[in-house]
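Only one structure is covered here, and it is reproduced in the block below.
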Amino acid sequence: MKAIESLVDQQIKRWELERRRIPASEKRSTVSVEPGPVITISRQRGSGGSLVALRMAELTGFDHFNREIIDDISHEIGIQKRLVESLDESVRSGFQLWVDGIIRGRIIDSSDYMQSLVKITGAIMKHGKAIIVGRGANFIAEPKLAFNVRIVANPDFRVESLVARRKMTHEEAKQEVKSNDELRQKFIKNNFGKDINDPLVYDMLINSTYFTVDQIAGIILANYPVKLSNMR
């Protein structure tokens with residue numbers, strides 16, 4: 001079995017176990033149960049955003065999905081189907097309509113990849129209790145269920161981080177920062193018609209230059225419930 005298939009199978013089993021923990025009284029209720037919260041992380045290369053996401057997953061027990069995982073799933077139609085089928089029947093019945101609405105209303109380039117991206121990200125969000133890194137997840141998320149964070153850092157800090165963590169030369173790190181910024185800006189602009197650097201498309205913007213990974217994780221985890229509570 002491919003690594004991504006094994007990972008998704010494990011994830012679906014976790015979701016199933018979580019569903020079984022819902023009290024019988026809630027299962028019988030005619031009122032729909034809202035999924036758990038979702039935290040999306042947009043980050044500059046070298047800002048430490050990916051490390052923050054991992055740390056938050058450790059602290060909360062939330063499921064963690066990064067760009068690589070989502071991209072791997074996007075190439076496997078069978079796995080995408082299983083993700084959707086893992087949703088509760090009441091959610092699944094209207095899921096494709098939700099996907100179609102997101103694509104019509106928020107997506108500029110409705111390529112096969114973008115349709116897969118919305119379907120994958122949407123299924124994860126419908127399950128809830130997830131941290132999703134990159135891929136414009138904040139532009140797909142439902143505002144009342146998601147807390148959208150952008151993590152940035154000073155250029156010198158980002159370069160030094162890559163030199164230390166990725167064993168790059170300073171020149172390689174500078175080029176990596178520049179090219180990665182351009183790629184991510186282009187991806188968001190071409191597919192969502194938005195500016196990745198616009199602070200108004202996020203709930204929180206954090207400059208990681210002067211904070212540790214644990215401190216940033218703590219700031220986010222202390223504040224996301226406030227926003228979601230205000231949206232109810």
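When a residue number appears, it is its place in the shown sequence, counting from 1.
- With no hydrogens or angles considered, no side-chain donor-acceptor pair links Y224 and D203 at under 3.5 Å.
- Between R45 and E176, at least one side-chain nitrogen of the basic residue sits less than 4.0 Å from a carboxylate oxygen of the acidic one, meeting the salt-bridge criterion.
- Transitive grouping of hydrophobic side chains (ILVMFWY, heavy atoms separated by less than 4.5 Å) keeps F65 and L59 in distinct clusters.
- A salt bridge between R55 and E58 is present, with a side-chain N of the basic residue lying under 4.0 Å from a carboxylate O of the acidic one.
- Salt bridge absent: D63 and K129 never bring a charged side-chain N and a carboxylate O closer than 4.0 Å.
- More than 12 non-hydrogen atoms from other residues, nucleotides or ligands lie less than 6.0 angstrom from NZ of K227.
- Nearest approach of V149 to I206, heavy atoms of both residues: CG1-CD1, 4.4 Å.
- Panel note: side chain R92, backbone S86; no donor-acceptor pair is recorded below 3.5 Å.
- A donor-acceptor pair under 3.5 Å is absent between the side-chain atoms of S47 and the main chain of R43, judged by distance alone.
- Partner V52 forms a side-chain contact (heavy atoms from CB on, under 4.5 Å) with one of V213, T212, I219 and no other, that one being V213.
- Placement of V152 and I188 in two distinct hydrophobic clusters is found when ILVMFWY residues are connected by side-chain heavy-atom separations under 4.5 Å, directly or transitively.
- Taking a 6.0 Å sphere around CG of D198, one finds it holds more than 12 heavy atoms contributed by other residues, nucleotides or ligands.
- Residues V201 and I220 do not share a hydrophobic cluster, defined by chaining ILVMFWY side chains whose heavy atoms lie under 4.5 Å apart.
- Distance check: N191 CG to K186 NZ gives 10.5 Å after rounding to the nearest 0.5 Å.
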Before giving the answer on side chain to side chain donor-acceptor pair (under 3.5 Å), spell out for S93 and E89 the whole-Å C-alpha distance, their side-chain angles and the decisive distance to 0.1 Å.
CA-CA 6 Å; S93 61; E89 186 176 351; over 6 Å; no
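- Each of W15, F95, F62 was compared with H127 under the ring-ring contact (aromatic ring centres under 6.0 Å, His included) criterion, and only W15 meets it.
- Put simply, the side chain of I132 does not reach to within 4.5 Å of the side chain of I41, judged on heavy atoms.
- One distance of note links CG of N138 with CD1 of I39; it measures 13.0 Å at 0.5 Å rounding.
- Under 4.0 Å is where a charged nitrogen must lie from a carboxylate oxygen, and between K167 and E172 no such pair does.
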Before you tell me yes or no, could you show the steps for R165 and E160 under side-chain contact (heavy atoms from CB on, under 4.5 Å), namely the whole-Å CA-CA distance, both residues' side-chain angles and the distance that decides it to 0.1 Å?
CA-CA 9 Å; R165 296 204 321 260; E160 293 300 330; over 6 Å; no
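- Considering all non-hydrogen atoms of both residues, P199 and L205 come closest at CB-CD2, 4.4 Å.
- At a threshold of 4.5 Å between non-hydrogen side-chain atoms, the residues S208 and F157 count as touching.
- Of all the heavy atoms in P37 and L228, the pair that sits closest is CB-CD1, 3.3 Å.
- With rounding to the nearest 0.5 Å, the separation of OG1 in T40 from OH in Y202 is 8.0 Å.
- In this structure, a donor-acceptor pair under 3.5 Å is absent between the side chains of R158 and N154.
- Side-chain contact check for N207 and T209: at least one donor-acceptor pair (N or O, by modelled atom type) lies under 3.5 Å.
- Residues V159 and H170 meet the side-chain proximity criterion, which asks for heavy atoms closer than 4.5 Å.
- The line from OG of S74 to CD1 of I120 is 5.0 Å long, rounded to the nearest 0.5 Å.
- For the pair K178 and E182, the salt-bridge criterion is met [side-chain N within less than 4.0 Å of a carboxylate O].
- Under the 4.5 Å side-chain criterion, counting only non-hydrogen atoms from C-beta, I151 is not in contact with Q44.
- Rounding to the nearest 0.5 Å places NE2 of H64 at 6.5 Å from CD1 of I69.
- Note that CG of D181 and CD1 of I196 are 8.0 Å apart. Values are rounded to the nearest 0.5 Å.
- Residues F211 and I216 come closest through the heavy atom pair CB-CG1, 3.6 Å.
- Residue S50 comes nearest to V133 through the heavy atom pair OG-CG1, 4.3 Å, listed as atom of the first residue, atom of the second, then distance.
- Inter-residue side-chain proximity for Q80 and I77 is flagged as met; some heavy-atom pair is nearer than 4.5 Å.
- Under the 4.5 Å side-chain criterion, counting only non-hydrogen atoms from C-beta, L145 is not in contact with V38.
- Looking only at atom types and distance, the side chain of N197 has a donor-acceptor partner in the side chain of R150 under 3.5 Å away.
- Counting heavy atoms from C-beta on, the side chains of D9 and R82 come closer than 4.5 Å.
- Side-chain heavy-atom separations under 4.5 angstrom define the hydrophobic clusters, and L183 shares its cluster with no other residue.
- A single hydrophobic cluster is seen to contain both I103 and L117, as judged by linkage of ILVMFWY side chains at heavy-atom distances under 4.5 Å, directly or through other members.
- Heavy atoms from other residues, nucleotides or ligands lying under 6.0 Å from CG of D156 number 12 at most.
- Grouping the Ile, Leu, Val, Met, Phe, Trp and Tyr side chains by contacts below 4.5 angstrom, directly or via other members, places I131 apart from I70.
- Under 3.5 Å, the side chains of Q115 and S111 contain no donor-acceptor pair of N or O atoms.
- Both tests hold for R135 against F187: distance to the six-membered ring centre under 6.0 Å, angle to the ring axis within 45°.
- Considering all non-hydrogen atoms of both residues, N148 and A141 come closest at OD1-CB, 4.3 Å.
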